[in-house]
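Predicted model only: the values in this text are computed from it and were never measured. Note that these values count all heavy atoms, side chains included, but never hydrogens, waters or copies made by symmetry.
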Amino acid sequence: QLQYVESGGGLVQPGESLTLSCVASGFTVDAYDIGWFRQAPGREREVVSCFSRGENTPYYEDSVKGRFTISRDFAKNSVHLHMTELKPEDSGVYYCAVPAMGCLYSITTGTGGSLYDSWGRGTQVTVSS
């Protein structure tokens with residue numbers, strides 16, 4: 001069973017930074033693609049960043065390129081998302097998960113599904129002045 005515990009969200013002003021963390025259990029993050037998803041109010045959940053295990057490379061949704069950085073910590077079986085220059089449109093609940101369709105397909109199509117439809121509780125990010 002894939003399990004995730006996200007943390008690190010909060011209320012910040014535009015232009016500020018946050019780092020989200022996710023501790024995974026039931027699998028090892030070095031054995032799967034792993035991504036961060038965002039669900040804004042009234043919108044479908046979408047993948048914003050993903051690390052491809054097979055290609056050993058990160059992928060980013062266009063609106064966050066150059067501002068967000070995904071990283072993995074194998075010792076702690078965790079994944080992080082460092083977010084800078086935050087904008088109000090970055091607001092939402094952020095989840096980490098293994099993407100159901102893999103990183104490249106998920107980023108390209110905006111598909112927001114997770115493997116086995118497993119999700120944690122997420123962490124709320126609110127960017128507002």
Side-chain angles (χ1 to χ4, degrees):
Q1 186 177 6
L2 310 183
Q3 295 182 324
Y4 313 92
V5 179
E6 299 93 346
S7 63
L11 171 62
V12 297
Q13 294 189 344
E16 293 186 337
S17 300
L18 274 176
T19 298
L20 307 183
S21 297
C22 170
V23 177
S25 59
F27 72 105
T28 56
V29 298
D30 62 343
Y32 290 84
D33 291 359
I34 187 78
W36 282 95
F37 298 72
R38 175 177 65 213
Q39 186 162 27
R43 298 190 62 177
E44 296 288 324
R45 188 154 33 198
E46 61 178 349
V47 59
V48 297
S49 179
C50 190
F51 199 97
S52 169
R53 170 186 175 270
E55 299 176 358
N56 196 32
T57 192
Y59 291 95
Y60 300 95
E61 190 268 329
D62 286 346
S63 70
V64 309
K65 283 180 181 177
R67 300 188 298 119
F68 289 15
T69 303
I70 188 171
S71 62
R72 300 171 299 169
D73 184 337
F74 297 153
K76 296 182 179 179
N77 205 39
S78 61
V79 59
H80 307 279
L81 187 68
H82 182 54
M83 307 185 294
T84 66
E85 301 175 38
L86 282 162
K87 305 175 181 180
E89 52 264 42
D90 295 321
S91 298
V93 181
Y94 283 72
Y95 304 84
C96 73
V98 175
M101 303 300 292
C103 271
L104 184 56
Y105 182 88
S106 297
I107 283 284
T108 302
T109 64
T111 303
S114 78
L115 188 63
Y116 308 134
D117 198 27
S118 293
W119 299 101
R121 292 186 175 184
T123 187
Q124 175 72 48
V125 172
T126 304
V127 185
S128 175
S129 55

Exercise. Hey, mind stepping through Q13 and V127 against side-chain contact (heavy atoms from CB on, under 4.5 Å) and telling me if it holds?
Worked result: CA-CA 5 Å; Q13 294 189 344; V127 185; over 6 Å; no
From [atom1] ([X]) to [atom2] ([Y]), nearest 0.5 Å:
X: M101; Y: S114; atom1: CE; atom2: OG; answer: 12.5 Å
X: S49; Y: M83; atom1: OG; atom2: CE; answer: 11.0 Å
X: T28; Y: R53; atom1: OG1; atom2: CZ; answer: 8.5 Å

Is it true that the side chains of [X] and [Y] contain a donor and an acceptor less than 3.5 Å apart?
X: Y94; Y: R38; result: yes
X: E55; Y: T57; result: no
X: S71; Y: H80; result: no

Problem set entry | Evaluation steps, side-chain contact (heavy atoms from CB on, under 4.5 Å), between V29 and F51 | CA-CA 10 Å; V29 298; F51 199 97; over 6 Å; no
For this session: State plainly whether the residues E85 and R67 are in salt-bridge range, i.e. N to O under 4.0 Å.
Result: no
For this session: Salt-bridge test for K87 and D90: reply yes if a basic N is under 4.0 Å from a carboxylate O, no otherwise.
Result: no
Test item: [X] side-chain N/O and [Y] main-chain N/O as donor-acceptor pair under 3.5 Å:
X: D30; Y: F74; answer: no
X: E61; Y: K65; answer: no
X: E6; Y: G122; answer: yes
X: D33; Y: G102; answer: no

Nearest heavy-atom pair of [X] and [Y]: which atoms, and what distance?
X: Q124; Y: G92; value: NE2-O, 3.4 Å
X: S91; Y: A40; value: O-CB, 3.8 Å
X: G35; Y: P99; value: N-CD, 4.1 Å
X: T123; Y: G9; value: OG1-N, 2.9 Å

Exercise. Y4 and F27: aromatic ring centres closer than 6.0 Å?
Worked result: yes
For this session: Tell me whether the centres of the aromatic rings in F68 and W36 are closer together than 6.0 Å.
Result: no
Should [X] and [Y] be counted in the same cluster of Ile, Leu, Val, Met, Phe, Trp and Tyr side chains packed under 4.5 Å apart?
X: L81; Y: V93; answer: no
X: L20; Y: Y59; answer: no
X: I34; Y: I107; answer: no
X: V23; Y: F37; answer: no
X: V5; Y: W119; answer: no

Got [X] and [Y] here, is their nearest side-chain heavy-atom distance under 4.5 Å?
X: S78; Y: S21; value: no
X: P14; Y: P88; value: yes
X: Y60; Y: P58; value: yes

Problem set entry | From CA spacing to verdict: side-chain contact (heavy atoms from CB on, under 4.5 Å), L86, L18 | CA-CA 8 Å; L86 282 162; L18 274 176; 4.1 Å; yes
